[in-house]
Protein chains: 2
Amino acid sequence: MKIISLGAHDVRFPTSRDLDGSDAMNPDPDYSAAYVVLRADNGLEGHGFTFTIGRGNEVCRAAIDALAPFVVGQPVDDLGEFARRLTHDSQIRWLGPEKGVVHLAAAALINAAWDLAGKAAGKPVWRLLADMSPQQIVDLVDWRYLSDALTPAEALGILEAARPSAGERIAFLETHGYPAYTTSPGWLGYSDEKLVSLAVAAVDEGYRMIKLKVGDNLDDDIRRMRLARAAVGDGIRIAVDANQRWDVAQAVEWMTALAPYQPWWIEEPTSPDDVLGHAAIRRQLHPAGIRVATGEHVQNRIVFKQLLQAEAVDVVQIDACRVAGVNENVAILLLAAKFGRPVCPHAGGVGLCELVQHLSMFDFVAVSGSLTDRSIEYVDHLHEHFLDPVVIRDGAYQVPTAPGFSAEIHPSTLQHFSYPGGPAWI
Amino acid sequence: MKIISLGAHDVRFPTSRDLDGSDAMNPDPDYSAAYVVLRADNGLEGHGFTFTIGRGNEVCRAAIDALAPFVVGQPVDDLGEFARRLTHDSQIRWLGPEKGVVHLAAAALINAAWDLAGKAAGKPVWRLLADMSPQQIVDLVDWRYLSDALTPAEALGILEAARPSAGERIAFLETHGYPAYTTSPGWLGYSDEKLVSLAVAAVDEGYRMIKLKVGDNLDDDIRRMRLARAAVGDGIRIAVDANQRWDVAQAVEWMTALAPYQPWWIEEPTSPDDVLGHAAIRRQLHPAGIRVATGEHVQNRIVFKQLLQAEAVDVVQIDACRVAGVNENVAILLLAAKFGRPVCPHAGGVGLCELVQHLSMFDFVAVSGSLTDRSIEYVDHLHEHFLDPVVIRDGAYQVPTAPGFSAEIHPSTLQHFSYPGGPAWI
């Protein structure tokens with residue numbers, strides 16, 4: 001299979017008008033996608049995207065154009081080689097390396113290639129991955145900079161150990177789905193009444209964990225956390241998310257004030273770049289039973305490696321589009337398994353739920369083999385724009401069955417929300 | 001002063017045709033600048049740029065366009081506020097945060113604002129900075145994420161301690177300049193003969209340190225290092241630079257093989273994101289007397305903070321355009337002073353020598369107060385394109401005296417090397 005053309009779209013949803021997605025660092029996001037369509041010489045299409053929150057989405061699109069020569073006219077059968085080709089051009093690498101805009105663009109293209117591969121194989125991507133041999137999976141990964149924490153041989157061992165019981169876990173997923181938690185009640189822009197009613201509704205719908213945004217005002221956070229705990233009772237986990245708002249000491253102080261309400265984890269307490277800062281926060285919050293989670297803004301496998309080496313996180317939060325797509329996320333799943341940490345993906349935004357369900361299901365079937373303390377974030381926004389939207393039942397993601405990566409957006413949506421010329425913006 | 005317009009240029013020099021700048025990770029760079037001109041309402045112009053090595057320079061230009069609304073029509077008198085405005089838009093921040101393409105673009109604009117400020121004050125930027133009060137300098141910095149390593153009060157103390165003797169150091173610089181080392185002999189694409197003759201010439205010209213690129217082939221590196229050591233003798237320092245080529249164990253092994261030739265430092269032994277990797281390499285190379293240096297690709301103050309906290313580097317290498325310009329480099333100089341590490345800037349490329357001389361001279365006068373083990377990289381390429389090029393005498397940068405940041409490129413160069421339409425490219 002060879003790619004014969006690449007189409008790129010700047011798609012933006014005016015979500016800031018309703019304060020959906022508002023948090024302490026992102027008061028007015030317009031959920032957006034730099035969206036690509038790869039056309040193959042056999043007539044198939046691969047769709048993929050990276051997620052942004054509005055301004056600058058056009059810069060990701062420019063980076064996609066810069067990577068186009070490494071895609072158009074090129075083969076796409078070896079997805080390990082394909083991904084490395086997109087991250088190792090020496091001149092473009094200078095702009096990262098392997099981080100920020102150029103990495104977001106690589107994610108869109110690599111994810112699109114996986115959508116294409118799933119369609120070509122007639123399988124959803126989670127199943128395509130799970131059906132690969134351990135050696136094929138190892139060969140997907142760019143091993144550079146990982147050998148002090150995980151070698152290909154160790155990864156092979158992890159995958160081979162999981163393999164004999166993979167069929168049982170596939171059957172389990174097909175019956176029960178994969179656990180979800182929901183962030184829908186907890187946006188910072190919502191009123192107390194909306195918070196409480198959405199929290200109660202979430203429990204009624206079968207969720208075992210909800211998440212609240214924190215970090216703007218401590219008194220507000222204490223009040224919201226108290227209301228939420230009273231609404232859901234002690235048996236439901238409440239995670240909180242500061243979206244990088246604090247320095248180290250402030251994170252410890254703030255979370256200590258929230259400790260009486262038993263937060264399950266504090267997510268992004270400080271800069272995603274600050275491995276040592278997260279480690280210091282974790283050490284100090286450990287006695288209060290508060291876990292540390294991060295990852296949605298962690299730039300690549302090298303920083304995830306260090307978060308694990310430094311014992312800086314209890315929970316690894318992969319993002320489908322921040323790192324270089326499926327391939328780099330496979331590396332991160334293997335690292336997390338080696339260090340015995342659960343992976344609970346970041347989702348929401350536009351289409352992130354659709355993508356990460358595949359990665360978590362693959363993780364359960366072929367890598368970690370476990371659901372303990374694992375769940376995928378779920379936010380009930382914008383799914384109606386996808387051809388194969390996620391299905392949640394009883395607080396669990398149901399297995400996707402359509403071939404591909406569930407990444408495809410309706411053509412009418414691409415047109416309506418096209419920025420800046422689409423009807424939604426004029 | 002208010003900015004009334006912003007012009008952006010994509011300028012590229014076809015340096016790959018001569019293998020200037022070739023190293024183990026960057027075999028064929030075309031030195032490039034995403035170049036901006038800010039026009040102020042008083043008729044003055046501020047020039048600035050970020051440096052890339054070719055492909056993708058247009059993505060930096062797109063990011064500059066995305067930041068334009070935070071510049072055009074806006075005041076530029078408070079340069080601390082100006083810099084923070086460019087790095088804290090919540091939607092654009094999502095693309096980093098504070099790293100990669102959006103940070104390179106912020107660097108170009110912030111550096112241009114400093115060029116403007118220097119011209120408005122009638123001073124070169126190093127002197128404009130050195131003449132500020134300690135509190136004014138502290139106010140330039142974005143302190144978020146730094147307080148676990150350095151507080152504004154500690155920074156004030158460092159600056160106040162240096163202040164009484166600043167005049168003596170200014171007089172010293174005006175007489176002797178600031179020490180330089182040269183990378184010109186050591187590009188990987190050069191023949192042994194060219195290496196030896198350029199190394200000998202460098203010593204004759206007064207340099208006390210040269211640098212060689214390594215990391216492509218160990219036998220070649222041993223031979224080149226032996227030839228260079230024989231050519232310059234034991235009294236001249238030879239630094240080596242692997243440009244991120246190795247994993248941790250390989251870095252230790254390779255450098256152990258080069259140890260008999262007394263390399264002064266190993267630069268970028270592994271990923272610039274790998275704080276813990278650098279720390280492990282440093283621990284293992286310390287017995288052999290080999291220092292670890294890094295920084296030209298270190299994305300922001302948060303990673304520099306950790307490199308210092310983890311004792312991962314002996315030498316801090318700032319880059320004028322990788323982090324968010326002068327302001328973030330002031331933060332990094334203060335961090336290095338707090339942790340007692342020398343700063344030896346990365347330079348070369350296009351115009352990096354012109355910019356960093358100002359930062360090192362400010363460091364000497366107002367922050368570290370020391371020249372011990374400090375020197376600025378010098379590469380003799382492309383200076384002829386600048387209105388106020390660096391002046392090197394007896395292996396030292398002579399103080400720039402023209403108002404501004406020495407950043408301005410001749411209009412004829414901007415036109416000739418414009419990409420893709422300029423005469424140099426068609």
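Throughout, a chain's letter reflects where its sequence line sits, starting with A, and its residues are numbered from 1.
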Side chain, backbone, both or neither: which part of [X] has a heavy atom under 4.5 Å from chain A?
X	answer
B:Leu104	side chain
B:Ala280	neither
B:Leu146	backbone
B:Asp89	side chain
B:Arg322	side chain
B:Arg245	both
B:Pro97	both
B:Val275	both

Check your understanding: Hey, which of B:Ser147, B:Ala149, B:Ala105, B:Cys60 has the most heavy atom pairs under 4.5 Å with chain A?
Key -> B:Ser147
Exercise for review: Determine the minimum heavy-atom distance between A:Leu276 and B:Gln306, stating which atoms define it.
Suggested key: N-OE1, 3.0 Å
Under a 4.5 Å heavy-atom cut-off, does chain B meet the side chain of [X], its backbone, both or neither?
X	answer
A:Asn300	side chain
A:Ala310	both
A:Ile302	side chain

Study note, to complete from the structure: Sequence neighbours excluded, the answer for side chain to side chain donor-acceptor pair (under 3.5 Å) partners of B:Asn327 is B:Trp114
Exercise for review: Look at atom CD of A:Glu311 and say whether more than 12 heavy atoms of other residues, nucleotides or ligands are closer to it than 6.0 Å.
Suggested key: no
Practice item. Please list all pairs passing the salt bridge (Lys or Arg N to Asp or Glu O under 4.0 Å) test where one or both residues lie in residues 269-278 of chain B, with sequence neighbours left out. Key: A:Lys99-B:Asp273, A:Lys305-B:Asp274
**Study point:** Full working for side-chain hydrogen bond (donor to acceptor under 3.5 Å, both in side chains) between B:Arg93 and A:Gln244
**Key:** CA-CA 12 Å; B:Arg93 189 180 180 278; A:Gln244 315 169 21; 2.9 Å; yes
Check your understanding: Of the listed residues (A:Thr50, A:Asp65, A:Asp30, A:Val101), which shares the most heavy-atom pairs with chain B below a 4.5 Å separation?
Key -> A:Val101
Review point. Just how far is it from atom OG of A:Ser271 to atom CZ of B:Arg144, taken to the nearest 0.5 Å?
Key: 10.0 Å
Exercise for review: For the pair A:Tyr145 (side chain) and B:Gly277 (backbone), establish whether a donor and an acceptor sit closer than 3.5 Å, ignoring hydrogens and angles.
Suggested key: no
Review point. How are the rings of B:Trp94 and A:His297 set relative to one another: parallel (under 30°), tilted (30 to 60°) or perpendicular (over 60°)?
Key: perpendicular
**Study point:** Within residues 246-253 of chain B, residues adjacent to chain A where the heavy-atom gap is under 4.5 Å
**Key:** B:Trp246, B:Asp247, B:Val248
Practice item. Output the residues of residues 52-59 of chain B for which the shortest heavy-atom distance to chain A is under 4.5 Å, in residue-number order; output 'none' if no such residue exists. Key: B:Thr52, B:Ile53, B:Gly54, B:Arg55, B:Gly56, B:Glu58, B:Val59
